[in-house]
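Notes to accompany the following structure.
Read the numbers this way: they start at 1 and go in the same order the structure lists the ligands and their atoms. Residue numbers count from 1 along this sequence.
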Amino acid sequence: MHHYPKHIDLLPVRHVSGTVRLPGSKSISNRTLLLSALAEGQTVIKDLLASDDTMVMLQALQKLGVHWSRTGFDNEYIVTGTKGELPVRKADLFLGNAGTAIRPLAAALAVLGGDFLLHGIKRMHERPIGDLVDALNESGANIEYVENPGYPPIRIHEGHIRSHNLKVRGNVSSQFLTALLMASPLMARTQDVTIHVIGELISKPYIEITLNLMRSFGVEIEQDGWSAFTLKKGQTYKSPGVLHVEGDASSASYFLAAAAIAGGPVKVEGIGKNSIQGDVRFCDILQQMGAKVVYGDNFIEVVSNGPLKCIDDDFNLIPDAAMTVAMLAVYADGPSVLRNIGSWRVKETDRIVAMATELTKLGVDVETGDDWLKVIPATRISDATIDTYDDHRIAMCFSLACLSSSNKQGAKIRINDPKCVAKTFPEYFQAFKTLFA
Ligand SMILES: O=C(O)C1=C[C@@H](OP(=O)(O)O)[C@@H](O)[C@H](O)C1
Ligand SMILES: C=C(OP(=O)(O)O)C(=O)O
């Protein structure tokens with residue numbers, strides 16, 4: 001559908017300003033698709049993200065016998081719910097590299113039972129799923145590893161959920177808890193279900209997105225802090241009728257960062273002060289670093305306010321937008337440290353290694369540890385050819401290095417293999433270039 005060149009060349013840019021209409025949130029889109037499929041009634045989904053990650057979810061649902069169609073309005077879909085009874089019980093599902101597809105589908109299908117093969121691209125088979133499989137199998141599901149224990153591909157057989165007290169670890173990915181939460185109404189027909197989190201839970205704001213959307217579909221979870229989640233029996237998903245997908249807050253971070261570096265104002269439309277996405281907290285970081293942020297109901301606008309201040313903080317709550325913070329750090333007035341970002345190592349690539357390697361090409365000094373990254377800016381930014389590791393966020397992040405701030409000139413940047421942006425934002429580079437004044 002989209003054509004991508006082998007690489008994209010960006011020349012130094014002195015100033016950015018403009019308005020960007022954001023693509024739909026990946027996290028909300030894929031959750032909404034699954035909940036619509038499991039619900040009673042038809043759901044009209046407005047502004048669904050059109051990207052690789054949502055495409056694999058749509059295709060998987062189709063293979064599972066769920067009826068959906070496009071309405072003719074841009075990115076508007078209508079999904080016919082199955083009341084928790086997916087019509088097809090045997091399928092081979094290719095899920096690309098979409099964590100938000102494979103993990104929630106694995107849980108729902110394991111609870112329903114059948115004969116399903118879930119797999120993805122090579123990197124997907126290196127991304128952990130063991131904590132989720134353990135939680136499900138310990139409760140009576142029947143999931144088997146096809147290649148390496150702990151990783152996809154997985155084969156799901158007929159099983160029977162016996163225990164209604166599930167336990168899951170949350171220190172590798174919050175998506176395992178999200179998956180169990182979304183599947184819990186399928187096991188709560190006659191008994192309450194409690195999901196216990198063992199140990200630490202990372203990326204907590206994504207659990208809030210999950211609970212929020214479940215609530216939109218009529219299911220209320222009782223929360224005991226971050227350690228136990230209970231669903232009272234008999235609750236089932238009911239379509240809210242129409243659901244509007246917010247713009248993607250992680251995608252917004254690149255444009256808002258551009259404004260903080262190279263002037264602005266830049267306005268993003270599709271999210272606002274009442275967003276349910278944790279990554280809007282990226283704007284708090286922009287403010288801490290010295291930029292000005294204005295929130296509307298359906299927009300956020302950023303304008304720079306002089307040189308950026310360095311930052312040393314814990315970024316566990318915003319792991320995706322934290323990568324954008326690492327780019328801001330290149331322009332900051334001193335060294336910055338990003339802490340508690342260990343989950344970067346098991347995402348599209350080892351993002352600590354990738355960020356360190358590519359930042360070094362810009363001439364900055366970088367130090368890393370198990371779960372942290374330190375960026376020590378240089379007086380100038382070096383021209384560089386950036387490798388992207390099939391990671392959309394590496395491609396989008398490093399596009400920012402062509403920007404000049406008030407005291408640092410932007411560099412000539414070549415982004416290799418830019419097609420990786422199709423995971424969440426196929427039109428990223430076109431949108432980015434509209435900001436060049
Ligand atoms: O639930 C979600 O929608 C997501 C959760 C986060 O993953 P982790 O919980 O693995 O950190 C985030 O990085 C990912 O892009 C989307
Ligand atoms: C980590 C990410 O994706 P996923 O949903 O596949 O985990 C991401 O989009 O940065």
Under 4.0 Å to a heavy atom of [X] - the qualifying atoms of ligand 1, by number:
X    : result
S27  : 2 (C), 3 (O), 16 (C)
R31  : 1 (O), 2 (C), 3 (O)
D320 : 12 (C), 13 (O), 14 (C), 15 (O)
T100 : 2 (C), 3 (O)

Check: Y151 ring centroid to Y145 ring centroid under 6.0 Å: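 Between Y145 and Y151, which both carry aromatic rings, the centre distance is not below 6.0 Å.
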
Y295/F299 aromatic ring centres below 6.0 Å: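 Judged by ring-centre distance (under 6.0 Å), Y295 and F299 do not meet the cut-off.
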
Within 6.0 angstrom of R70 CZ, more than 12 heavy atoms from elsewhere: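 Not buried by this count: 12 neighbours or fewer within 6.0 Å.
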
Residues which pass salt bridge (charged side-chain N to carboxylate O under 4.0 Å, His left out) with K6, listed by chain and number, not counting sequence neighbours: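 Counting only residues at least two positions away or on another chain, K6 forms no salt bridge (charged side-chain N to carboxylate O under 4.0 Å, His left out).
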
Test salt bridge (charged side-chain N to carboxylate O under 4.0 Å, His left out) applied to D279 - qualifying residues, sequence neighbours left out: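 Applying salt bridge (charged side-chain N to carboxylate O under 4.0 Å, His left out) to D279 gives none.
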
Per atom 10 (O) of ligand 1, closest listed option by heavy atom (S173, S343, S203):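 Going through S173, S343, S203 one by one, S173 has the nearest heavy atom to atom 10 (O) of ligand 1.
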
Of the listed options Y206, W344, F176, closest to atom 6 (C) of ligand 1 (non-hydrogen atoms):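 Looking at heavy atoms only, the winner is Y206.
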
Donor-acceptor pair between N416 and D387 side chains, under 3.5 angstrom: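 Yes, a side-chain donor-acceptor pair sits under 3.5 Å.
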
Side-chain donor-acceptor contact under 3.5 Å, H164 with D192: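 No, no side-chain donor-acceptor pair sits under 3.5 Å.
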
Ring geometry between Y237 and F217 (parallel below 30°, tilted from 30 to 60°, perpendicular above 60°):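 Judged by the thresholds at 30° and 60°, the geometry between F217 and Y237 is perpendicular.
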
Heavy-atom donor-acceptor pair, R155 side chain to L117 backbone, under 3.5 Å: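 Not a single qualifying donor-acceptor pair exists.
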
Nearest-contact summary for atom 9 (O) of ligand 1 - protein heavy atom, Å: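 Sorting protein heavy atoms by distance from atom 9 (O) of ligand 1 puts S174 OG, 2.5 Å first.
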
Under 3.5 Å: N/O of K26 near N/O of ligand 1: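 K26 vs ligand 1: N/O contact under 3.5 Å present.
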
Per-ligand residue contacts, ligand 2, heavy-atom threshold under 4.0 Å: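 Near ligand 2, by chain and number: K26, N97, A98, G99, T100, R127, Q175, D320, K347, E348, R351, H392, R393, K423.
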
Show the atom names and distances, to 0.1 Å, of all donor-acceptor pairs under 3.5 Å that link a side chain in residues 165-172 to residues at least two apart or in another chain.
residue : atom : partner : partner atom : Å
N165    : OD1  : H196    : NE2          : 2.9

